[in-house]
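These notes concern the structure reproduced below.
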Amino acid sequence: MPYEPGKIEPKWQQRWAGEKVAEVDVADATDKFYMLNMFPYPSGDLHVGHGRNYILGDALYRFLRMQGRAALNPMGWDAFGLPAENAAIKRGIHPGEWTRNNIIREKEQFLRWGILYDWSKEIASCDPAYYRWNQWLFLRLYEKGLAYRGKAPVNWCPGCQTVLANEQVIEGKCERCGSEVEQRELEQWFFRITEYADRLDAGLDALAHWPEKVKLMQRNWIGRSIGADVEFPVPSLGRPIVIFTTRPDTIFGATFMVLAPEHPDVPDLIRDAAGREEIEGWIVRVKNLSALQRQSEQEGKEGRFTGKVAINPFTGEEIPIWLGNFVLPQYGTGAIMSVPAHDQRDFEFARQYDLPIRVVVAVDGVIPDPAAMTEAVSNDGVSVDSGLISGLQSPKAIETIIDEIERRGIGKRMVRYRLRDWLISRQRYWGTPIPIVYCSSCGTVPVPDAALPVELPLDVPFTGREGNPLAMVASFVDVACPSCDGPARRETDTMDTFVDSSWYYLRFISPHDDERIFDTALVNRWLPVDQYIGGIEHAILHLLYARFICRALYDMELVAFEEPFARLFNQGMITKEGYRDPAENMTWVPLAEVEFRESMPYRKGSGSRLVPEIGKMSKSRFNVVPPDDLIARFGADTERVYTLFIAPPEKEAAWSDEGVIGAWRFLNRVWAAGEQILTLTDDESDPAAARMIRKTHQTIDAVTRRIGRFEMNTAISAIMELSNSIGDYLNGGGRSRPDAGGSYRTLLQLLHPFAPHVTEELWEMFGRAEMIVTSRWPVADRELMQEDVVTIAIQVNGKLRGEIEVPAGSPEEMVGSKAKAHPKVAQYLEGKDLVKTIHVPGKLVNLVVR
RNA sequence: GCGAAAGUGGCGGAACUGGUAGACGCGCUGGACUUAGGAUCCAGUGGCUCGCGCCGUGGGGGUUCGAGUCCCCCCUUUCGCACCA
């Protein structure tokens with residue numbers, strides 16, 4: 001009987017679902033393991049590369065289950081978002097319907113991959129039963145002052161017609177559509193994540209099982225830096241301007257000051273300036289530049305002199321106040337003291353506008369000549385010409401000068417962050433309505449808890465024109481004020497979808513509870529999440545927001561932990577090499593098509609040329625491998641085995657259509673071996689099987705350890721070795737049914753997490769009543785693992801010269817003398833003095849001669 | 001520019017605390033079975049000599065009986081941040 005995955009796979013998928021193998025009663029569990037794949041967005045384009053993290057998670061789940069752990073593996077849908085709304089505009093289909101269809105398709109795909117999720121815990125963020133708790137959470141944050149409305153310069157994407165969070169602006173462009181992002185001043189809702197900057201930064205240290213890379217990215221994003229705020233008196237204003245610096249030890253070298261054009265004191269400073277109109281024109285120009293242009297290097301530094309001066313509080317000198325495009329209004333105080341000798345940006349600005357440069361730090365005893373300097377010297381050193389800190393090393397100088405600043409009452413120690421508050425408003429339809437009402441007499445009024453959810457109306461015009469479609473629905477907008485019952489208007493902004501995903505992992509524990517957001521007692525028993533699996537693309541956005549919301553909930557005493565995810569694993573992307581046709585931009589040409597085109601003489605060398613390229617598997621680039629084609633040909637098990645065998649899961653891996661065949665052959669060999677073992681008639685144990693049995697126990701040990709360390713590729717290669725070993729026994733004439741069958745059933749169990757369907761089928765063919773997925777993971781017998789004969793490598797002066805076989809545990813003298821007797825080795829010893837013998841038991845002997 | 005990670009056969013990749021480099025698989029070569037096969041099975045497969053042997057983990061130095069692994073210098077690639085004071 002041949003191996004036919006198309007016949008056996010649907011059968012087992014039904015049985016697992018019918019017996020609810022993945023369902024976990026969270027109330028009863030004691031020894032818990034909560035694993036989680038990142039909240040997927042149902043875009044309907046699941047493909048082979050995309051499946052890697054789900055397949056990885058499922059292998060881990062099946063392994064834990066067989067080990068007797070109560071493992072929870074839930075799945076839900078991050079169902080709100082812009083693509084659904086764009087699809088509505090483009091195809092005239094409602095976003096909800098588009099999303100629902102995708103969910104059905106992707107769920108079917110999970111089933112075909114043989115992935116076991118606890119579907120009794122399924123959630124979808126577009127369900128009012130879910131998003132009402134987004135609104136509830138918003139109201140709690142609002143009460144605490146952690147949600148606020150403010151006018152702020154925001155990133156506006158003209159393509160998506162909405163504002164974007166800082167985190168969604170990549171190199172000045174929209175993360176989603178790639179349009180250049182503009183700056184606009186708008187009233188927006190924010191979450192005050194900056195309140196938690198310090199705790200979010202400090203908490204990273206405790207995350208021992210997170211990739212260093214992710215922690216570093218978060219650390220850089222939070223951008224904590226320590227320094228001082230210092231007041232510089234400005235006589236013409238009659239009040240000081242405060243600057244922030246991380247190098248207060250260089251204050252004696254501060255020869256001018258630069259303000260951001262947006263700095264609030266600018267209008268007063270330039271009121272009577274010569275050339276005021278030109279300066280104002282310049283300010284408007286700088287403000288209107290897109291984030292991309294403002295940040296690009298080519299723009300260069302540009303500034304204007306205000307005509308006013310400030311007093312350097314330590315030198316007492318008057319220093320000019322400039323405006324500069326390189327000073328950012330959002331960071332620090334939007335004003336800097338410029339020390340051109342010791343800061344590269346200040347140096348460039350000083351050279352450009354011929355401003356004085358004064359050296360106040362000697363590095364390695366060298367005091368550079370300002371006139372000859374080509375760049376700033378920003379290293380630590382010893383302060384010079386700096387009054388009370390002269391002669392001090394930089395760290396000590398910084399401490400001393402800050403103490404003096406505080407003593408004089410002109411400033412203080414200050415920690416600043418790069419992190420900005422989280423902008424959650426979206427002028428879009430397909431999201432959670434913000435539960436706020438504007439009343440002409442009561443002002444901004446939160447919707448009472450009892451009135452939740454504020455439901456998203458379903459009948460909405462999708463015109464694609466600027467503005468939020470929700471604002472055009474009178475029945476939604478017009479509402480009675482919850483406070484005075486007078487006429488009022490609803491907020492029409494909806495929430496960023498990252499709000500949905502910032503707490504969903506808590507909802508999985510009690511997904512149907514309509515009394516509260518989640519069951520605190522159960523959550524505290526199951527969480528933090530033991531193992532979170534997802535892509536690196538969420539290193540700062542989602543993972544930072546989730547850590548923030550978890551802390552906010554902790555402070556509300558709704559959860560007892562501050563970190564939501566104990567272990568994080570970032571799977572690498574699957575890439576695929578192919579050919580791109582530059583004539584049809586972004587079109588990915590399959591290899592078969594490439595061969596066809598090359599074979600056509602009239603196309604060769606003419607027309608468009610195909611460019612070989614390696615890219616990530618993505619639908620937008622047409623280089624996906626559709627899972628259905630592959631499953632139809634080789635089955636889901638082959639795909640699963642290959643996907644995990646191809647490379648370590650954290651690494652990026654190149655998909656190879658030829659490579660898949662290896663996994664297919666392997667499963668066929670396993671199948672054939674099973675059929676052969678079923679025909680064996682010998683009931684006796686066979687001494688010749690010792691090798692195979694030893695290998696079996698070694699493999700149990702290896703596979704168990706490797707799955708636990710996510711080394712799925714080497715776990716599979718170990719199983720292949722065992723399969724080869726069983727094959728050797730059978731090919732060598734081995735006839736013992738108990739020996740071969742015992743090793744073989746172990747093989748099936750070890751293989752089950754990777755190839756669940758075929759192993760279930762073979763397990764059943766071997767007469768097991770219980771499903772393999774509910775069988776107990778094998779335990780290695782240490783004694784049976786031991787080799788009785790070991791091969792010892794013999795080196796002479798570190799070079800391999802021969803091998804001998806000795807019984808395991810042979811004494812050193814015996815191994816040594818046997819090594820010397822080896823004919824080839826003896827040849828190298830002749831006429832030499834044996835200086836030293838190194839013996840590594842069970843491994844090698846190194847004979848050092850002179 | 002700053003920061004991080006990684007360089008091993010034709011390819012994907014193994015090698016736990018320094019201890020026989022190349023496990024496992026793809027590809028390739030030869031053979032078997034076949035009308036045929038791109039299906040299956042068996043054998044071989046780092047390079048040079050193809051005899052003993054020599055050389056081999058990006059390059060150069062070092063430590064050691066012994067280095068892919070540890071230390072120093074350099075090169076390359078990938079990723080992240082990018083005027084954050």
Side-chain angles (χ1 to χ4, degrees), chain A residues 2 170-172 211-217 219-221 223-225 227 243-248 250 254 258 260 294-297 299-301 324-328 330-339 342-346 348-349 375 378 416-420 536 539-540 641-642 645-648 651-666 668-669 672 702 705-706 709 711 713-721 723-724 727 731 791-803 824 827 835-849:
Chain A
I170 311 294
E171 288 176 359
E212 287 301 322
K213 183 189 168 94
V214 174
K215 287 191 276 185
L216 192 67
M217 283 168 75
R219 208 160 259 141
N220 291 339
W221 189 263
R224 182 178 201 269
S225 49
I243 60 95
F244 171 67
T245 178
T246 54
R247 290 294 301 273
T250 63
V258 188
R294 178 97 178 241
Q295 284 171 14
S296 78
E297 294 281 352
E299 285 295 309
K301 292 182 177 46
N325 63 348
F326 69 101
V327 178
L328 305 172
Q330 322 89 322
Y331 186 75
T333 61
I336 61 167
M337 67 170 196
S338 275
V339 186
H342 305 295
D343 183 286
Q344 186 58 25
R345 296 154 302 184
D346 296 347
E348 286 166 22
F349 196 77
E375 58 178 12
S378 50
R416 297 260 177 198
Y417 301 92
R418 213 184 74 131
L419 185 69
R420 310 255 60 84
I536 188 76
I540 33 190
V641 169
Y642 178 66
F645 179 67
I646 181 171
K651 268 194 71 170
E652 194 173 85
W655 183 268
S656 143
D657 291 327
E658 303 86 64
V660 180
I661 203 79
W664 167 248
R665 283 183 196 146
F666 166 58
N668 274 285
R669 278 197 300 272
R705 281 185 293 130
R706 289 172 186 181
R709 292 199 299 252
E711 294 167 12
N713 56 329
T714 54
I716 292 170
S717 73
I719 297 168
M720 287 173 168
E721 285 183 52
S723 166
N724 292 345
N731 290 341
T791 305
I792 303 288
I794 309 164
Q795 297 180 337
V796 178
N797 288 346
K799 283 195 187 265
L800 183 69
R801 297 300 179 189
E803 283 178 352
K824 217 142 119 196
Q827 196 182 316
V835 185
K836 200 169 167 187
T837 303
I838 314 263
H839 180 238
V840 182
K843 295 249 164 146
L844 63 74
V845 173
N846 189 9
L847 304 168
V848 186
V849 298

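Order of the sequence lines sets the chain letters (A, B, ...), proteins ahead of strands, with each chain counted from 1.
Closest contact between the side chain of Ile661(A) and the listed nucleotides G25(B), C26(B), C83(B) involves C26(B). Closest to the side chain of Arg669(A), from the set C26(B), G25(B), C79(B), is G25(B). With G3(B), C42(B), A85(B) as the choices, the nucleotide that has an atom nearest any side-chain atom of Asp343(A) turns out to be A85(B). Closest to the side chain of Arg418(A), from the set C81(B), C24(B), A85(B), is C81(B).
When all heavy atoms are compared, the tightest approach of Tyr642(A) to Ala654(A) is OH-O, 4.1 Å. When all heavy atoms of Arg418(A) and Asn220(A) are compared, the closest pair comes out as NE-O, 3.5 Å. Phe244(A) and Thr333(A) get closest at one heavy-atom pair: N-OG1, 3.7 Å.
The same atom, C1', is picked in G56(B) and in A21(B); the two are 10 Å apart, to the nearest Å. U76(B) and A39(B) are spaced 43 Å apart, taking the C1' atom of each and rounding to whole Å. On the P atoms, A67(B) is 11 Å away from G19(B), given to the nearest whole Å. Across the P atoms, G3(B) and C11(B) are found 33 Å apart, a figure rounded to whole Å. C52(B) and G46(B) have their P atoms separated by 16 Å, with the value rounded to a whole Å. Only the P atoms considered, A43(B) is 13 Å distant from C26(B), to the nearest whole Å. For the P atoms, the distance from A23(B) to A15(B) is 12 Å, rounded to whole Å. Taking the C1' atoms as reference points, U49(B) lies 29 Å from C42(B), given to the whole Å.
Atom pair Glu658(A):CD and G25(B):C1' shows a separation of 13 Å (rounding to whole Å applied). Rounded to whole Å, the distance from CH2 on Trp655(A) to P on C26(B) is 15 Å. Rounding to whole angstrom units, CZ of residue Phe349(A) and C1' of A85(B) are separated by 13 Å. Look at CD1 on Ile719(A): it is 15 Å from C1' on A23(B), rounded to the nearest Å. The nearest whole Å value for the distance from the CG atom in Asn797(A) to the P atom in C54(B) is 12 Å. Atom-to-atom, CG of Asp657(A) to P of G38(B) comes out at 18 Å; the value is rounded to the nearest Å. If you take CZ of Phe666(A) and P of A23(B), they are 17 Å apart, rounded to a whole angstrom. Here the P atom of nucleotide C26(B) and the CD1 atom of Ile716(A) are 14 Å apart, to the nearest Å.
Relative to the ring axis of Phe326(A), Lys301(A) places its NZ or CZ within 45° and under 6.0 Å from the centre.
The residue among Tyr417(A) and Lys213(A) whose nearest nucleotide of RNA chain B is located toward the 5' end is Lys213(A). Taking for each of Glu721(A) and Lys824(A) the nucleotide of RNA chain B with the nearest heavy atom, the 5'-most of the two is the partner of Glu721(A).
Classification of G59(B) as anti follows from a glycosidic angle more than 90° from 0.
Remark: G3(B) base-pairs with C79(B). Criterion, Watson-Crick or G-U wobble with two distances under 3.5 Å. The partner of C41(B) is G31(B), judged by Watson-Crick or G-U wobble contacts that both fall below 3.5 Å. Across the strands present, G68(B) finds no partner; the criterion is a Watson-Crick or G-U wobble pair with both atom distances under 3.5 angstrom. Within the shown strands, C11(B) is the pairing partner of G25(B) under the Watson-Crick or G-U definition, both distances less than 3.5 Å.
For the pair Thr837(A) and C65(B), the criterion of a side-chain N or O lying under 4.0 Å from OP1 or OP2 is not met. When the side-chain nitrogen and oxygen atoms of Arg665(A) are compared with OP1 and OP2 of G27(B), one or more of them lie within a distance under 4.0 Å. Contact annotation: Asn220(A) does not reach the phosphate of A4(B) (side-chain N/O to OP1 or OP2, under 4.0 Å).
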- Note on the structure: Nucleotide by nucleotide, nucleotides 7-22 of chain B touches protein heavy atoms under 4.0 Å in the pattern (B base, S sugar-phosphate only, - none) -----BSS-B--BB--

- Lys213(A)/Ile536(A) under side chain to side chain contact (heavy atoms under 4.5 Å, CB included): CA gap, chis, key distance, verdict: CA-CA 9 Å; Lys213(A) 183 189 168 94; Ile536(A) 188 76; 3.8 Å; yes

- Take Arg416(A) and Thr246(A) through the side chain to side chain contact (heavy atoms under 4.5 Å, CB included) test and state the conclusion after the steps. CA-CA 9 Å; Arg416(A) 297 260 177 198; Thr246(A) 54; over 6 Å; no

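Between the Arg247(A) side chain and the Ser378(A) main chain, a donor and an acceptor come within less than 3.5 Å of each other. With Asn797(A) contributing its side chain and Val849(A) its backbone, the two residues share a donor-acceptor pair below 3.5 Å.
Nucleic acid contact class of Asp346(A) (heavy atoms, under 4.0 Å, all strands): none.
Rounding to the nearest 0.5 angstrom, the gap separating the CD atom in Gln827(A) from the CZ atom in Arg801(A) is 9.0 Å.
The side chain to side chain contact (heavy atoms under 4.5 Å, CB included) test with Phe349(A) singles out one residue from Asn325(A), Val258(A), Val327(A), Asp343(A), and that residue is Val258(A).
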